[in-house]
Visitor: 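Can you read through this structure? Questions will come right after.
In what follows, residues are counted from 1 in the order of the sequence shown.
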Amino acid sequence: MQNRQKESEQLGFLYETTREISNKKEIDLGVKSSLNSKKEPVEILREERLPKNILILDTETTGLDNKNDDCLEVGSILFNVKTRSVLAQQSFLLPVENNNAEKINNIPAEITRLPQPLSEAIKYFESLVRVSDVIVAHNAEFDMKWFGLNKLPEIDKKWICSMDDITWPADRQLKPRPSVRDLALAYGVPVWNAHRALTDCIYLAEVFKRCSELEKLLIRALEPKILFRAEISYEERDLAKRAGFRWNDAIKGAWSKRMSRLEMEKLDFPVQEVDFNT
């Protein structure tokens, strides 16, 4: 938490310092500074760190608890941001004895145990992870917890959650935490019934292809996130709900959300930063 806050403060200091130097040059040389453009300070400072390749990832599991349940399928798409192109895609099954979530993902446990080149599939998956700059998943908090367990490798990369970290354009009229299905429909992507790992990856890839503001959204999504608690009354709870705050989630008995300081400044109600170390 302290590291995130420190990084955010450093960005603010760097921006103010750069703006002062730039404004001085503008006065001396009579030229327009690029920092006076409509681009936001964080966006300018982070453009050089824009991911070139992202790995869109999804998992299917036998349940919700990674201590007692198993991941039985992984789907991934290597996506190039600049060209809006799919470079590679993959899905594979992992053997399980039972699948208590079969009604949801339609994967019978017995087919996961049929012969397949699993070790080769995992090696290829690791190669896709290596050439990616960022991992993107819808509800990333859920997906990331399965890696490093059983046969799945650990992933030492930054993650972006397309449900929580990306603030989708207002003209798409999406809820603060949209489902993959709603996100796809908002961008005109056809939705079919199959619920498999690669399916959700395809939805996200198609959304990214159609998203003209993708670079800006990714830059903002990579900003350090801080946990904030909404300082509102019971009667004002809809304000927090519409802004994507969640009740009784990270903080019991309160509305809370992780967001960047830039996002926090745009809220129309007061919030309090939460630091569990104090």
Side-chain angles (χ1 to χ4, degrees), residues 4 8 11-12 15 34-47 49-51 54 56 58 79 81-82 84 134-141 158-191 200-233 235-247 249-250 254-273:
R4 291 176 180 171
S8 182
L11 281 173
Y15 169 61
S34 63
L35 287 176
N36 288 330
S37 68
K38 293 183 179 180
K39 289 185 177 180
E40 296 183 21
V42 169
E43 181 185 345
I44 297 167
L45 291 168
R46 289 298 184 106
E47 274 187 345
R49 297 175 64 179
L50 175 69
I54 60 178
I56 304 169
D58 187 47
F79 186 90
V81 176
K82 183 177 181 180
R84 303 292 198 274
V134 174
I135 310 298
V136 178
H138 206 74
N139 194 7
E141 184 178 357
K158 289 185 178 180
W159 288 68
I160 290 177
C161 179
S162 52
M163 181 170 65
D164 290 322
D165 294 333
I166 297 180
T167 303
W168 297 98
D171 61 359
R172 298 294 169 172
Q173 298 182 336
L174 288 160
K175 296 178 181 179
R177 303 180 78 242
S179 66
V180 174
R181 179 182 180 277
D182 289 345
L183 187 58
L185 292 174
Y187 278 86
V189 179
V191 174
D200 284 356
C201 295
I202 292 172
Y203 289 155
L204 284 179
E206 290 299 321
V207 167
F208 290 160
K209 287 180 183 180
R210 293 162 167 77
C211 186
S212 61
E213 299 179 88
L214 181 58
E215 287 84 357
K216 181 187 293 185
L217 297 181
L218 293 175
I219 290 170
R220 290 178 177 174
L222 286 168
E223 281 305 295
K225 299 297 188 295
I226 302 167
L227 182 64
F228 290 98
R229 179 182 62 234
E231 299 292 313
I232 57 174
S233 65
E235 291 74 17
E236 298 172 314
R237 63 189 183 281
D238 284 343
L239 292 175
K241 189 182 298 185
R242 287 197 296 269
F245 281 66
R246 302 174 69 181
W247 173 257
D249 185 24
W255 291 94
S256 63
K257 181 181 179 181
R258 295 187 184 277
M259 58 175 59
S260 68
R261 291 190 180 277
L262 184 64
E263 293 172 314
M264 179 271 292
E265 292 171 358
K266 296 179 180 180
L267 295 173
D268 54 3
F269 55 88
V271 295
Q272 180 67 41
E273 182 178 335

Visitor: Can you confirm whether Lys158 sits close enough to Leu222 that some side-chain heavy atom of one is under 4.5 Å from a side-chain heavy atom of the other?
Guide: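 Sidechains of Leu222 and Lys158: in contact.
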
Visitor: Looking at Phe269 and Ala230, what are the two nearest heavy atoms and their distance?
Guide: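 So the minimum-distance heavy-atom pair works out to CE1-CB, 3.7 Å.
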
Visitor: With rounding to the nearest 0.5 angstrom, report the CZ to CH2 distance, Arg237 to Trp247.
Guide: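 Going from the CZ atom of Arg237 to the CH2 atom of Trp247 covers 9.5 Å.
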
Visitor: Between atom CD of Glu265 and atom OG of Ser260, what is the distance when rounded to the nearest 0.5 Å?
Guide: 8.5 Å

Visitor: Identify every side-chain donor-acceptor pair in residues 204-213 under 3.5 Å, counting partners at least two apart or on other chains, and give the distances.
Guide:
{"from": "Glu206", "atom 1": "OE1", "to": "Arg210", "atom 2": "NH1", "distance (Å)": "2.8"}
{"from": "Glu206", "atom 1": "OE2", "to": "Lys209", "atom 2": "NZ", "distance (Å)": "3.1"}
{"from": "Arg210", "atom 1": "NE", "to": "Tyr187", "atom 2": "O", "distance (Å)": "3.2"}
{"from": "Arg210", "atom 1": "NH1", "to": "Glu206", "atom 2": "O", "distance (Å)": "3.1"}

Visitor: Report the distance from atom CG of Asn139 to atom CG of Asp164, rounding to the nearest 0.5 Å.
Guide: 7.0 Å

Visitor: Any donor and acceptor pair, going by atom type alone, linking the side chain of Arg172 with main-chain N or O of Ala186 inside 3.5 Å?
Guide: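 Pair found, side chain donor or acceptor close to backbone of Ala186.
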
Visitor: Are any of the side-chain heavy atoms of Val81 and Glu215 separated by less than 4.5 Å?
Guide: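 A side-chain contact under 4.5 Å exists here.
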
Visitor: Is there a side-chain contact between Arg84 and Phe79 (heavy atoms, below 4.5 Å)?
Guide: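 The answer is yes; the side chains approach within 4.5 Å.
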
Visitor: Within the structure provided, determine whether Ile226 and Met264 are in side-chain contact (heavy-atom separation under 4.5 Å).
Guide: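 They are not in side-chain contact.
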
Visitor: If you compare all heavy atoms of Tyr203 against all heavy atoms of Pro190, which two are closest, and at what distance to 0.1 Å?
Guide: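 Of all heavy-atom pairs spanning Tyr203 and Pro190, the closest is CE2-O, 3.6 Å.
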
Visitor: Under the 3.5 angstrom rule, does the side chain of Trp255 hit a backbone N or O of Asp238 as a donor-acceptor pair?
Guide: no

Visitor: Once you round to the nearest 0.5 Å, how far does CG of Asp249 lie from NZ of Lys257?
Guide: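 Separation between the atoms: 12.0 Å.
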
Visitor: What heavy-atom pair brings Pro178 and Trp168 nearest, and what distance separates the two atoms?
Guide: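 Result for this residue pair: CG-CD1, 4.0 Å.
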
Visitor: For the residue pair Val271 and Phe245, establish whether any side-chain heavy-atom pair is separated by less than 4.5 Å.
Guide: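 The answer is yes; the side chains approach within 4.5 Å.
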
Visitor: Distance check, rounded to the nearest 0.5 Å: Lys225 atom NZ versus Glu263 atom CD?
Guide: 5.5 Å

Visitor: Please indicate whether Glu236 has more than 12 foreign heavy atoms, meaning atoms of other residues, nucleotides or ligands, lying under 6.0 Å from its CD.
Guide: yes

Visitor: Please tell me if the side chains of Glu141 and Met163 come closer than 4.5 Å, counting only heavy atoms from C-beta onward.
Guide: no

Visitor: Atom OG1 in Thr167, atom CE in Met259: separation rounded to 0.5 Å?
Guide: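 Here the interatomic distance stands at 8.0 Å.
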
Visitor: Are any of the side-chain heavy atoms of Arg246 and Arg177 separated by less than 4.5 Å?
Guide: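 They are in side-chain contact.
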
Visitor: Would you name the heavy atoms of Gly244 and Pro176 that are closest together and state the gap between them?
Guide: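 For Gly244 and Pro176, the tightest heavy-atom pair comes out as CA-CB, 3.3 Å.
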
Visitor: Looking at every non-hydrogen atom in both residues, tell me the closest pair between Ser179 and Asp182 and how far apart they are.
Guide: OG-N, 3.0 Å

